[in-house]
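Working notes for the structure below.
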2 protein chains.
Amino acid sequence: MRRVSAPTYHHGRLRQALIDAAADAVRERGPEDWSLRDVGRRVGVSHNAAYRHFAHRDDLVVVLSELTMARLVDALHQRLALVKGDDPVLRARRALAETGRGYVDFAISDPHLFRLAFTSTVATEPSPPPERDPYGVLSRVLDGLVEVGYLTPEARQDAELTCWSAVHGFSILCIEGPLRGAGDAERNGALEQVLVAIDRSYAATTGTVIGPDDLRVGA
Amino acid sequence: MRRVSAPTYHHGRLRQALIDAAADAVRERGPEDWSLRDVGRRVGVSHNAAYRHFAHRDDLVVVLSELTMARLVDALHQRLALVKGDDPVLRARRALAETGRGYVDFAISDPHLFRLAFTSTVATEPSPPPERDPYGVLSRVLDGLVEVGYLTPEARQDAELTCWSAVHGFSILCIEGPLRGAGDAERNGALEQVLVAIDRSYAATTGTVIGPDDLRVGA
DNA sequence: TCGTCGATGTTGACACTGTCTACAAAGGAG
DNA sequence: CTCCTTTGTAGACAGTGTCAACATCGACGA
């Protein structure tokens, strides 16, 4: 039996501890205003210890960024699992709306790490595998809309860009824009409006008639 | 007659010179990776000289941010002045689209300052007067759409949020997202798709039929 | 005309940062 | 037990924002 937290010379799990502490630091102090040395202090280790696990501070930023993206993808999948409905078209449309809700909720619940992940100047050059990329999740949801015939193949073209722009932009609005101090009710109301606008925009290409509660998660 | 650039002890226009140099620094090195001391060096003045004009580094950031916003507002107004067309409805719709184009163009042409202006943690608490606020420009364009009957008062509600989300999100996409390396053609194509989606979304509430070139700036 | 005084710019210092190099301790392979 | 790789430490360096003390200038009242 090993004592995990025994203060031995060799920490044992330092890399993970540093990542966790860095995440805490970012959450507390924002995506820019934290230091590697302070992260070391939090873990109870000397400055420079981090350099055995990360060649540069930015490498730790990249790790945090990728981890955050992965968490976002997980959150989206969990949300998508909740979508119900007998009508496949309705279900596909709800999936798109729910993706948007999950995205914004994540951004609001962890704003500093969200910003870190999307702002990191050291943009991860090779775009991540679709499994780790929120963009990929959106792509498949949109493919689903094509399969059920709600989205024409022409409208499918660049649809990621449109949807992602709207939802990511809305998230920014909530984090650092005019909706910063807004309450949940106001914010959710506005979000539903955005989601309806997206849905309606595609509905217009197929002549679908939209009911008031179509986009709720379903029953 | 005074020699403007004579290296006297008192600079005379140091405040403005610092602002200009800081803008250059941000453009060269990004919104985070520049220093007050370097700005002093660029102007040929000691470190600390800046402290006679800005109490903190962040104060200079705020000034840069406000200046950038003002330039953005100017750019939008210039774009709006180009919108033509006899049909007032068409003109109002084109105004909305042109606002989006102007916004994205500005973001792409000055990405680092654009990001600085929207990312500054030191968010200017009192929201700026409508004259200095891109948000205000958008508001009036949307009011115009209501006046000509294209936008119902209900749809007008929160319409800023929807439009701004889409266009700002798209700008981010172009600056640091998947559209980062895209050429003008690809980017503009995608942008037009976003603009059409916005327009179509509101058109859907009034049953307007949309032609292929409706949103061009007009003739 | 001269002296004074506030505004503006300089110098030096402090604590803090990321990062480099040299050193030390731990733990596994032989 | 010995040796070597891995992991953590100590110290140093340049660079940063900021503060306090000092220097210089320009304007204004005597």
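A note on names: the letters A, B, ... follow the listed sequences, proteins ahead of strands, and every chain is numbered from 1. For the numbers below, each heavy atom of this structure counts, side chains included, while hydrogens, waters and symmetry mates do not. Predicted, not measured: the structure shown is a model, and the values here were computed from it.
- Every residue two or more places apart in sequence or in another chain that forms a side chain to side chain contact (heavy atoms under 4.5 Å, CB included) with B:R41 is listed here: B:R37, B:D38.
- Counting distance only, with no hydrogens placed and no angle test, the side-chain atoms of A:R37 and the base atoms of C:dG18 include a donor-acceptor pair under 3.5 Å.
- Under the rule for a side chain to side chain donor-acceptor pair (under 3.5 Å), B:D24 has no partner lying at least two apart in sequence or in another chain.
- Applying the side chain to side chain donor-acceptor pair (under 3.5 Å) criterion to B:Q78, with sequence neighbours excluded, gives no partner residue.
- Listed by chain and number, the residues in a side chain to side chain contact (heavy atoms under 4.5 Å, CB included) with A:A190 are A:F170, A:L179, B:D158, B:L161 (sequence neighbours excluded).
- The interatomic distance linking A:L60 (CG) with C:dT19 (P) rounds to 11 Å, in whole Å.
- Looking at A:E192 and A:R101, their side chains come closer than 4.5 Å, going by heavy atoms from C-beta outward.
- For B:R15 against C:dT8, no side-chain N or O and base N or O form a donor-acceptor pair under 3.5 Å.
- Scanning residues 39-52 of chain B for heavy-atom distances under 4.0 Å to DNA chain D yields B:R41, B:H47, B:N48, B:Y51, B:R52.
- Distance from the side chain of A:H53 is smallest to D:dG8 among D:dG8, D:dT16, C:dG9.
- Atom pair A:L14:CG and D:dT6:C1' shows a separation of 12 Å (rounding to whole Å applied).
- By the side chain to side chain contact (heavy atoms under 4.5 Å, CB included) test, B:Q157 pairs with A:Q193, sequence neighbours left out.
- In this structure, B:H56 atom NE2 and D:dT18 atom C1' are separated by 9 Å, rounded to whole Å.
- Between the C1' atom of D:dG8 and the CZ atom of A:R13 lies a distance of 18 Å, rounded to the nearest Å.
- Sorted by residue number, the list of members of residues 16-24 of chain B with any non-hydrogen atom under 4.0 Å from DNA chain D is empty.
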Show me the donor-acceptor pairs within less than 3.5 Å that the side chains of residues 43-53 of chain B make with the rest of the protein, sequence neighbours left out.
none

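- For A:D143, the side chain to side chain donor-acceptor pair (under 3.5 Å) partners are A:R156, not counting sequence neighbours.
- Nucleic acid contact for A:R57: sugar-phosphate only, since backbone atoms but no base atoms lie under 4.0 Å from a heavy atom of the residue.
- For the pair B:L36 CG and C:dG9 P, the interatomic distance rounds to 14 Å; values are reported in whole Å.
- For A:E154, the side chain to side chain donor-acceptor pair (under 3.5 Å) criterion is met by no residue, not counting sequence neighbours.
- Distance CZ (B:F54) to P (C:dG9): 11 Å, rounded to an integer number of Å.
- Atom CG in B:D33 sits about 11 Å away from atom P in D:dG17, given to the nearest Å.
- Fit an axis to the five pairs at each end of the helix from C:dT1-D:dA30 to C:dG30-D:dC1 and the two axes sit 10° apart, to the nearest 10 degrees.
- Considering B:R91, B:K84, B:R216, B:R79 as possible partners of B:E98, the one that fulfils the salt bridge (Lys or Arg N to Asp or Glu O under 4.0 Å) test is B:R79.
- Residues meeting the side chain to side chain contact (heavy atoms under 4.5 Å, CB included) test with B:D59, sequence neighbours left out: B:F54, B:A55, B:H56.
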